[in-house]
Number of protein chains: 2
Amino acid sequence: MAGSAERNSAQVIRDEAAKLFFERGYDATTLRQVASAAGLKVGSLYNHIGSKEDLLQQIMGSVIDELLERVQACVAEVESKDPVDRLQAALAGHLTFHAERAQQVFIGNAELRSLPQEARENVVKKRAEYESFLAALVDEAGKAKLAEVIDSKIHVYSFVAQATHVAGWYHPGGRLSLNEIVEIYTRLALRELNVADADERAVGKALAK
Amino acid sequence: MAGSAERNSAQVIRDEAAKLFFERGYDATTLRQVASAAGLKVGSLYNHIGSKEDLLQQIMGSVIDELLERVQACVAEVESKDPVDRLQAALAGHLTFHAERAQQVFIGNAELRSLPQEARENVVKKRAEYESFLAALVDEAGKAKLAEVIDSKIHVYSFVAQATHVAGWYHPGGRLSLNEIVEIYTRLALRELNVADADERAVGKALAK
DNA sequence: GTCTATATTGCGATAGAC
DNA sequence: GTCTATCGCAATATAGAC
């Protein structure tokens, strides 16, 4: 039973800090608030974190890396060679990740400025890599004449902007279920690309792992 | 010649502060930096502002109010009774405003949390009003069978998310001109709504006042 | 590991001379 | 209006007892 649902202090601190950073922002959150939320006094925090900045990095950590891995994995699992199927798999992973890890994703976007230079540059680079990956999928669909691409960068911006926005308001139990959200935004995406039978294609494929 | 291009101190302070708030965020910006950018010492700032919070409110001020007015005016000027024409006019105003006033819009979104309660609630209310206005335009197009509406709230979220994203990266002299940006995003919007001849309709109408 | 001090820094804001 | 000097406070971070 070791390592089960039990959260150690470091994990509790990260979770509570993430909640506060999400609600109030990194700069506006004090370590006293974090400590209090975690059931500790300020001084005790430093048995678990190196600094406030270190805590932020733990939270933002490797969100973008994990997003890229996740979406690439989704695409890799697709058997079909249809570029639109591949793009859909990417979008499903993209949207699901943004909803399921909404707080982390939101912090990762909003607090990019709060990171020290090196870490920030790493994230920026990885993000460009991520956008290139999606843009390539869009372009493949375009070359196969299955999509009418206006500007692949802007299409990707659109996907990114929408998912980021979802991360700002999604919470389980809202008006729309996660599956509905994935389905709707996938329809929007395919429509934006003038994919034939966009609505039909998008239905019922919302189950990304 | 009075009141011409001459910027008074208060205006300089607002502009420099907006630049810094945009780049680093409100909390991370010190009034000493603002003063320095405006060519003053800290103490002198207080001859022009009441407090740091007051300065933020001056900058965020009435962005959302002006956005709503602007977009409503764009729609009101449309002679055509075609709901899609009206929606397009709104989108052109929406996008143009977000690009031209990018810094203010961006701050208005990112620093909503930094506002005192009352001011924040005002903005939230106005924002809901704005989104309702856009949603009504979407629904009109849907009822007229000129658009296939999936979920008008989500369509509006999509417009909002995209324009907000644009406000984060647009600057004059970039890869795409403002007119190109408006045209592209309008095409995306009309495509999302399955408007017939979306691409043709969106072309060459990008000149919002 | 926890806690109670406390050191240190830098912030917003003010006072008062010019 | 500008400046210099400083107040008062709250923040991060540390020291050291338990």
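Each chain gets a letter, A, B and so on, in the order its sequence line appears, and its residues count up from 1.
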Query raised in the report: Do you see a donor-acceptor pair shorter than 3.5 Å between the side chains of His94(A) and Tyr130(A)?
Result: yes
Requested in this report: Measure from the side-chain heavy atoms of Ser44(B) and tell me the nearest of dC3(C), dT2(D), dT12(D).
Outcome: dT2(D)
Requested in this report: Please state how far atom CD in Glu53(A) lies from atom P in dT12(D), giving the value in whole angstrom units.
Outcome: 12 Å
**Report entry** Atom pair distance, as rounded to whole Å: NZ in Lys41(A) and C1' in dA5(C)
**Finding:** 13 Å
Requested in this report: Report yes if at least one side-chain N or O of Lys52(B) is closer than 4.0 Å to OP1 or OP2 of dG12(C); otherwise report no.
Outcome: yes
Query raised in the report: Do Gln117(B) and Arg120(B) have side-chain atoms, one donor and one acceptor, less than 3.5 Å apart?
Result: no
**Report entry** Asn8(B) CG - dT2(D) P separation (whole Å)
**Finding:** 11 Å
Requested in this report: Check the distance between dC11(C)'s P and Gln33(B)'s CD and give it to me in whole angstrom.
Outcome: 7 Å
Query raised in the report: Is there a donor and acceptor pair closer than 3.5 Å between the side chain of Arg32(B) and the base of dG10(C)?
Result: no
Requested in this report: Rounded to the nearest angstrom, tell me the gap between atom CZ in Arg24(B) and atom C1' in dC11(C).
Outcome: 15 Å
**Report entry** Given dA13(D), dG1(C), dT2(D), the nucleotide with the shortest approach to the side chain of His48(B)
**Finding:** dT2(D)
Query raised in the report: Side chains of Thr96(B) and Glu100(B): do they bring a donor and an acceptor to under 3.5 Å?
Result: no
Report summary line: Taking dC11(C), dT14(D), dA13(C) as options, the one with an atom nearest any side-chain atom of Thr30(B) is dC11(C)
Report task. Using atom CG of Asn47(A) as one end and atom P of dG16(D) as the other, report the distance to the nearest whole Å. Result -> 15 Å
Query raised in the report: Between Arg86(A) and Glu77(A), does at least one N-O distance fall below 4.0 Å, as a salt bridge requires?
Result: no
Report task. May I have the distance from Ile49(B) (atom CD1) to dG12(C) (atom P), rounded to whole angstrom? Result -> 9 Å
Query raised in the report: Base, sugar-phosphate, or nothing for Leu40(B), non-hydrogen atoms under 4.0 angstrom?
Result: sugar-phosphate
Query raised in the report: Which nucleotide sits closest to the side chain of Tyr46(B): dT2(C), dT14(C), dT4(D)?
Result: dT14(C)
Query - Atom CZ of Arg24(B): over 12 foreign heavy atoms under 6.0 Å - result: no
Query raised in the report: Just how far, in rounded Å, is C1' of dT6(C) from CG of Leu31(A)?
Result: 17 Å
